J.: 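Structure in C-alpha cells, see below.
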Amino acid sequence: MADPMAWWSDAVFYQVYPRSFADSDGDGVGDLDGLAGGLDYLERLGVDAIWINPVTVSPMADHGYDVADPRDIDPLFGGLAAFERLVAAAHERGIKVTMDVVPNHTSSQHPWFQAALAAGPGTEARDRYFFRDGRGPRGELPPNNWESVFGGPAWTRVIEPDGNPGQWYLHLFDTEQPDLNWDNPEVFDDFEKTLRFWLERGVDGFRIDVAHGMAKPAGLPDSTDDSTVLRHTDDDPRFNNPNVHAIHRDIRAVVNDYPGAVTVGEVWVTDNHRWAEYLRPDELHLGFNFRLTRTDFDADEIHDAVQNSLAAAAIVDATPTWTLSNHDVGREVTRYGGGEVGLRRARAMAMVMLALPGAVFIYNGEELGLADVDLPDEVLQDPTWERSGHTERGRDGCRVPLPWSGDEPPFGFSANPDTWLPMPPEWAALTIEKQDADAGSTLSFFRRIIQLHRERPEFDGGEIDWLAAPAGALVFRRRGGGLVCALNAGTHPIPLPPGEVIAASAPLSDGELPPDAAAWLV
Ligand code: ISL
C-alpha cells in the first residue's frame, strides 16, 4: 500500500453527524460541545479518528452542505471556540479530527453569490458560478437538461437587478447550493485559504465532499444519461470530468505542507480505473469506495465488491477503504432485512470490514446496531423530499439522533424532548447506557472487534487470499498477519476453517458458524 506507515492506512474512522451525536445546549440539535462530551465514549470504542460532517456557517438548507462561510463555525454548533475546544480535547485522547469541506458549491447566502446576484449578467462576480442565459425565445427554459441530484431541474432562474427574470444558475444539488466555477482561479485561491485555516488550527485532514464533481464539461452539454434521484452513473456529464484531477493535484500540494494530514474524497465513481485516478500519488490520500453500501447480503456480491475495491486501490497502490453506511445511504441493519436478521448481518459485515486491509469508516449509531427510522411525512427535512415532488423520502431516516440513556426520548441526547428529528421509543433498549452494561450488546461487540483490530498482529499486511468456502459463504486470509475471516451468508451452519476463534458475531452452533454470522480465526 502507498504508505503503510501513515496513521490513516489502517485507521478506524468514526463519522459524526454533528446534529445527531449529542446536544449540549438543549436546542434539540447536536453540537460540538456535545461531541466533546462524548469523546470518552469514542476513546473507549477505540476509534483512531473522527470525521465530522460540515459544521461551518450555513443556513442549513442541506444541513451544513450549503456553506456561507467556510472559515467559521456555525453558532448552532457552538462557534469557533467550541471547535477549538473539541480539537484540543480529541488530541488529548489521541483521537485525530477530520472535517468535511465542500468545494463543489457554496450556500446561496455566501457573500460571493449574493454579490453575483446583485452585479448582474456578464460581470466578474457572476463568473465564480455558472450563470447562463436560458434557452427558448425569452430565455424561459433552463440552459441544459441537467437534473439536480435531489430531483427537479439543476437550474434556477434569477430576478435581475432591473426586476425582470434573467439568467439561470447551476446547482447540482439544492437551489440553495450554487455550483462554483473552478475555472475561475479565485475559487481555488479561496479554497486554499480554507484548507490552511483549518490545518493551522490543528485538524488532521479533510473529507472532500463531491470530490468527483468540481469540474464541469466545456459547454455544459445536455445529458443523455438516465440518472435518478441521489444516484448517477459514471457517464453522467455532471460528474467525473477529467479536469477535476488538476484540482485534486492543487489541493494535495497544499495539504502536503502539513505532514500527516489526510484527504478522503467522496468519489461516487464505479469503474475501477476511473476511480483509481483520484488516488494517484499526487491526488487524494483516500477515496471512499461505496461498493459495500450498494451490496446485498449475498456471498458472491460481497466477494465481488471486496475484490473490486481491492483491485481498484491496487491500480495506483492506494489504501483501500471500507464503509457500510453513512448519512446519505440507509443504515445496513435495514438494508440487510431489518429486525434481528438485519442486525445479525450488520454485525457480521462489521467483522468483514474490520478484517480487511485499509481504513474503515463507522457511521455514528452503527456501533449501537441502529436501523433506519420510519419518519412521518411532516418531520422530513431532507431537500430531496420536496424536490422529488414527495416521491423520494430522502435521507432523514438514517440521521436520527443517538440514544444515550434513560427509558424514553430524547434518551439523554438532549435536555429538550423536541429533538430535530423525533427518536423512536423502541430505542429504549438500544441506549449507550444499556448496551454499555451488557457484554452481549452490539456496542460491546464493536468495542471488542475494534480492540482486536488494533492490537493483534494478525491484522497486518495489505493483501488477502480467498480460501475455499462452502456455497453461500466466504473465507479470506490476511496475507501478512494470517488472520482468517469467515462469513456465512447462507442458510445452514458451516464448518469453521482451522484455527483458534478470537471473535464471532454470534454464538457458534455446535462448533459451526451459523447463518448471518462471521468469525475471526488465528
Ligand atoms: O448521486 C449520488 C450518488 O450516486 C449522490 O449520492 C451524491 O453524490 C451525493 O448526494 C453527494 O453527497 C454529498 O454532497 C451533498 C450532500 O447533500 C451529501 O450529504 C454529501 O454527502 C451535497 O453537498
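Each ligand, and each atom within it, is numbered from 1 in the order the structure gives. Note that the coordinates shown come from a computational prediction; the quantities given were computed from them, not determined experimentally.
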J.: Should one rank Gln177, Arg207, His232, His105 by closest heavy-atom distance to atom 4 (O) of ligand 1, which comes out on top?
T.: His232
J.: Within the supplied structure, the quantity of interest is the number of heavy atoms (other residues, nucleotides, ligands) at a distance under 6.0 Å from Arg231 CZ; does it exceed 12?
T.: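 No, CZ of Arg231 has 12 or fewer neighbouring heavy atoms, counting only those of other groups under 6.0 Å.
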J.: Of all the non-hydrogen atoms in the protein, which one sits nearest to atom 20 (C) of ligand 1, and at what distance?
T.: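 Among all protein heavy atoms, the one nearest atom 20 (C) of ligand 1 is Asp209 OD1, 3.1 Å.
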J.: Return the CD to CZ distance between Glu332 and Arg347, rounded to the nearest 0.5 Å.
T.: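 Answer rounded to 0.5 Å: 12.5 Å.
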J.: Looking at non-hydrogen atoms alone, which of Thr270, Val329, Thr384, Val149 comes nearest to atom 7 (C) of ligand 1?
T.: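 It is Val149 that holds the nearest heavy atom.
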J.: At under 4.0 Å between heavy atoms, is it the side chain or the backbone of Phe150 that contacts ligand 1, or both, or neither?
T.: side chain
J.: Nearest protein heavy-atom contact for atom 5 (C) of ligand 1: which residue, which atom, what distance?
T.: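 Answer for atom 5 (C) of ligand 1: Leu230 O, 3.5 Å.
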J.: Looking at every heavy atom in both Pro18 and Phe77, which two are closest together, and how far apart are they?
T.: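 For Pro18 and Phe77, the tightest heavy-atom pair comes out as CB-CE2, 3.9 Å.
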J.: Output the list of atoms in ligand 1 that are nearer than 4.0 Å to some heavy atom of Arg395, sorted by atom number.
T.: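 Checking each atom against Arg395, I get 16 (C), 17 (O), 18 (C), 19 (O).
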J.: Nearest protein heavy atom to atom 8 (O) of ligand 1, by residue and atom, and its distance?
T.: Trp268 CD1, 3.1 Å
J.: With a 4.0 Å cut-off on N to O distance, would you call Arg331 and Glu366 a salt bridge?
T.: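 Salt bridge between Arg331 and Glu366, a charged N being under 4.0 Å from a carboxylate O: no.
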J.: For atom 21 (O) of ligand 1, grab the closest protein heavy atom and report residue, atom and distance to one decimal in Å.
T.: Asp328 OD2, 2.5 Å
J.: To which protein heavy atom is atom 10 (O) of ligand 1 closest, and what is the distance rounded to 0.1 Å?
T.: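 Checked against all protein heavy atoms, atom 10 (O) of ligand 1 sits closest to Phe173 CE2, 3.9 Å.
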J.: Atoms of ligand 1 less than 4.0 Å from His327 heavy atoms?
T.: 18 (C), 19 (O), 20 (C), 21 (O)
J.: One thing to verify: whether Asp328 and Arg399 come together as a salt bridge, which I'm taking to mean a side-chain N less than 4.0 angstrom from a carboxylate O.
T.: yes
J.: At a non-hydrogen distance cut-off of under 4.0 Å, which region of Arg399 contacts ligand 1 (side chain, backbone, both, or neither)?
T.: side chain
J.: Sorted by first residue and then second, give each salt bridge (charged side-chain N to carboxylate O under 4.0 Å, His left out) pair with at least one member in residues 376-385; sequence neighbours left out.
T.: Asp377-Arg393, Asp382-Arg395
J.: Tell me: protein heavy atom nearest atom 16 (C) of ligand 1, and distance?
T.: Asp62 OD2, 3.3 Å
J.: Looking only at heavy atoms, is any part of Glu266 under 4.0 Å from ligand 1, and if so is it the side chain, the backbone, or both, or is it neither?
T.: side chain
J.: For ligand 1, which atoms sit closer than 4.0 Å to a heavy atom of Arg231?
T.: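 Listed by number with element, the hits are 1 (O), 4 (O).
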J.: Report yes if the distance between the aromatic ring centroids of Trp155 and Phe131 is under 6.0 Å, otherwise no.
T.: no
J.: Charged N to carboxylate O under 4.0 angstrom, Asp236 versus Arg238?
T.: yes
J.: For Asp209, enumerate each residue passing the salt bridge (Lys or Arg N to Asp or Glu O under 4.0 Å) test, keeping only those at least two apart in sequence or located in another chain.
T.: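 Checked Asp209 against salt bridge (Lys or Arg N to Asp or Glu O under 4.0 Å); matches are Arg207.
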